[in-house]
Amino acid sequence: MEGIQHKFIHANGLNMHVAEKGQGPIVLLLHGFPELWYSWRHQTVHLADHGYRAVAPDLRGYGQTTGAPVNDHTKFTVPYVVGDLIGLLDAITNEGEKVFVVGHDWGAYMAWYLCMFRLDRVKALVNLSVVFFRWNPNGDMVELLRREYGDDHYMTRFQKPGEIEAEFAKMSYQTFMKKFLTLRDPGPLLFPKGKGFLPVTLPPWLLEEDIEYFASQHEKAGGITGGINYYRALHLNWELTSAWRGAKVMVPTKFVTGDMDLVYHMPGVKDYINHAGF
């Protein structure tokens, strides 16, 4: 697409697929679920046209990036994914060089921790949708959402290995991608057992050829378990990051959300962003 180059970089034991374009200061673009580098295709071209080197990897467990044990969700925690990003930066930066980071959804989640753990590697951060969640002594995110919404909340449904994969296997990858990429409902995303997705009409910014690319890449990768593993590692993340309770992200940061965003309407998030010290 418009001169975007593709390469593979050995990083933290992975063979990481990276799409990039441009010369200049690096902008590292981190995708969310169930996305790929492809989510940043327009921004990659735009940044390159404005004097930056845009670098968009397929994260651990996604797309053409290989080497992660997708049948072991314990290998998808914050330390592993941030380690991947540091390995990638070691390969594409000069000594002492800092980069700009842009993250969305799970990419944003990991970007917060990248900036907190290794602020020496980041010049500035722009994150979309997912706020920096302070460490909560009352439990991990899945447990808190289960208490609020019950067992049908999507994060709860994602926890048992193989179960949600079997549900999604009843539909095409195209149907699955259309649902998740066009979701525009501020209410909780509930997914009762046996309930499929209603037909989706694509908005003008998302084409059938885009859906086909996402679907084909997930199919070639053997499914969506890699992406689901990020949710299954949430309790481990809660355990592993307790030492950083009260820590702050100390790089210049811009946060962007929308008033129809799913995360913005999770319990307490709106007040946290607007009134409670985010």
Side-chain angles (χ1 to χ4, degrees), residues 1-2 4-11 13-20 29-44 55-76 80-81 84 88 103-107 109-110 154-155 157-184 189 191 193-203 205-233 262:
M1 177 182 177
E2 298 187 53
I4 294 177
Q5 298 180 331
H6 297 264
K7 63 175 65 174
F8 289 88
I9 293 175
H10 184 74
L14 303 181
N15 195 31
M16 183 173 283
H17 171 242
V18 173
E20 67 170 59
L29 302 163
L30 305 177
H31 67 80
F33 176 86
E35 304 174 52
L36 302 164
W37 76 268
Y38 190 79
S39 298
W40 302 109
R41 59 198 179 282
H42 302 300
Q43 291 80 8
T44 297
V55 178
D58 285 337
L59 295 179
R60 170 179 291 247
Y62 282 95
Q64 297 179 59
T65 290
T66 59
V70 293
N71 293 322
D72 183 359
H73 69 270
T74 67
K75 299 299 191 293
F76 287 78
Y80 280 104
V81 180
D84 299 343
L88 174 59
H104 170 243
D105 188 64
W106 273 108
Y109 183 100
M110 296 302 174
Y154 78 101
M155 287 198 193
R157 288 293 321 281
F158 282 5
Q159 294 307 303
K160 187 177 180 180
E163 184 176 282
I164 200 66
E165 287 93 334
E167 290 268 354
F168 289 146
K170 298 173 184 177
M171 64 186 75
S172 67
Y173 284 107
Q174 287 83 353
T175 299
F176 169 78
M177 292 306 307
K178 286 180 181 180
K179 176 63 176 179
F180 275 88
L181 293 181
T182 63
L183 186 66
R184 191 173 183 269
L189 179 55
F191 192 59
K193 290 184 179 181
K195 179 184 176 182
F197 294 145
L198 296 174
V200 173
T201 300
L202 292 182
W205 50 265
L206 187 64
L207 305 177
E208 286 288 350
E209 64 190 62
D210 300 326
I211 293 296
E212 287 298 325
Y213 182 85
F214 281 112
S216 66
Q217 290 296 301
H218 284 294
E219 189 169 16
K220 289 177 183 176
I224 59 169
T225 299
I228 297 290
N229 281 337
Y230 287 69
Y231 295 92
R232 292 176 179 151
L262 183 72

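Counting from 1, the numbers follow the sequence of the chain as shown.
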Side chain to side chain contact (heavy atoms under 4.5 Å, CB included) involving [X] - partner list, sequence neighbours excluded:
X	answer
Pro199	none
Lys178	Val200, Leu202, Glu208, Ile211
Lys7	Ile9, Val18, Glu20, Arg53

Exercise answer: donor-acceptor pairs, residues 56-64 side-chain atoms, under 3.5 Å, sequence neighbours excluded:
unit_1 : atom_1 : unit_2 : atom_2 : d
Asp58  : OD1    : Trp37  : N      : 2.9
Asp58  : OD2    : His17  : ND1    : 2.8
Asp58  : OD2    : Gln64  : N      : 3.1
Arg60  : NE     : Asp84  : OD2    : 2.7
Arg60  : NH1    : Lys75  : O      : 2.9
Arg60  : NH2    : Asp84  : OD1    : 2.8
Gln64  : NE2    : Gln217 : OE1    : 3.4

[Y] ring center within less than 6.0 Å of [X] ring center:
X	Y	answer
Phe176	Phe168	yes
Phe180	Phe33	yes
Phe158	Tyr154	yes

With rounding to the nearest 0.5 angstrom, report the [atom1] to [atom2] distance, [X] to [Y].
X	Y	atom1	atom2	result
Tyr109	Leu30	OH	CG	14.5 Å
Glu165	Thr225	CD	OG1	3.5 Å
Tyr213	Leu207	OH	CG	15.0 Å
Tyr173	Phe214	OH	CZ	15.0 Å

Between [X] (side chain only) and [Y] (backbone N and O only), is there a donor and an acceptor less than 3.5 Å apart?
X	Y	result
Asp105	Gly107	no
Gln159	Met155	yes
Ser39	Glu35	no

Problem set entry | Electrostatic pair Glu167-Arg157, nearest N-O below 4.0 angstrom |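 Looking at Glu167 and Arg157, the cut-off is met.
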
Exercise. Listed by chain and number, what are the side-chain hydrogen bond (donor to acceptor under 3.5 Å, both in side chains) partners of Ser216, not counting sequence neighbours?
Worked result: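 Partners of Ser216 by the side-chain hydrogen bond (donor to acceptor under 3.5 Å, both in side chains) criterion come out as none, since no residue qualifies.
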
Could you tell me whether the side chain of [Y] reaches within less than 4.5 Å of the side chain of [X], counting heavy atoms only?
X	Y	answer
Phe76	Val70	yes
Val55	Leu29	no
Trp106	Tyr231	yes

Exercise. Tell me, which pairs form a salt bridge (Lys or Arg N to Asp or Glu O under 4.0 Å) where one or both residues lie in residues 209-230, sequence neighbours left out?
Worked result: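 Listed once each, the pairs are Arg41-Asp210.
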
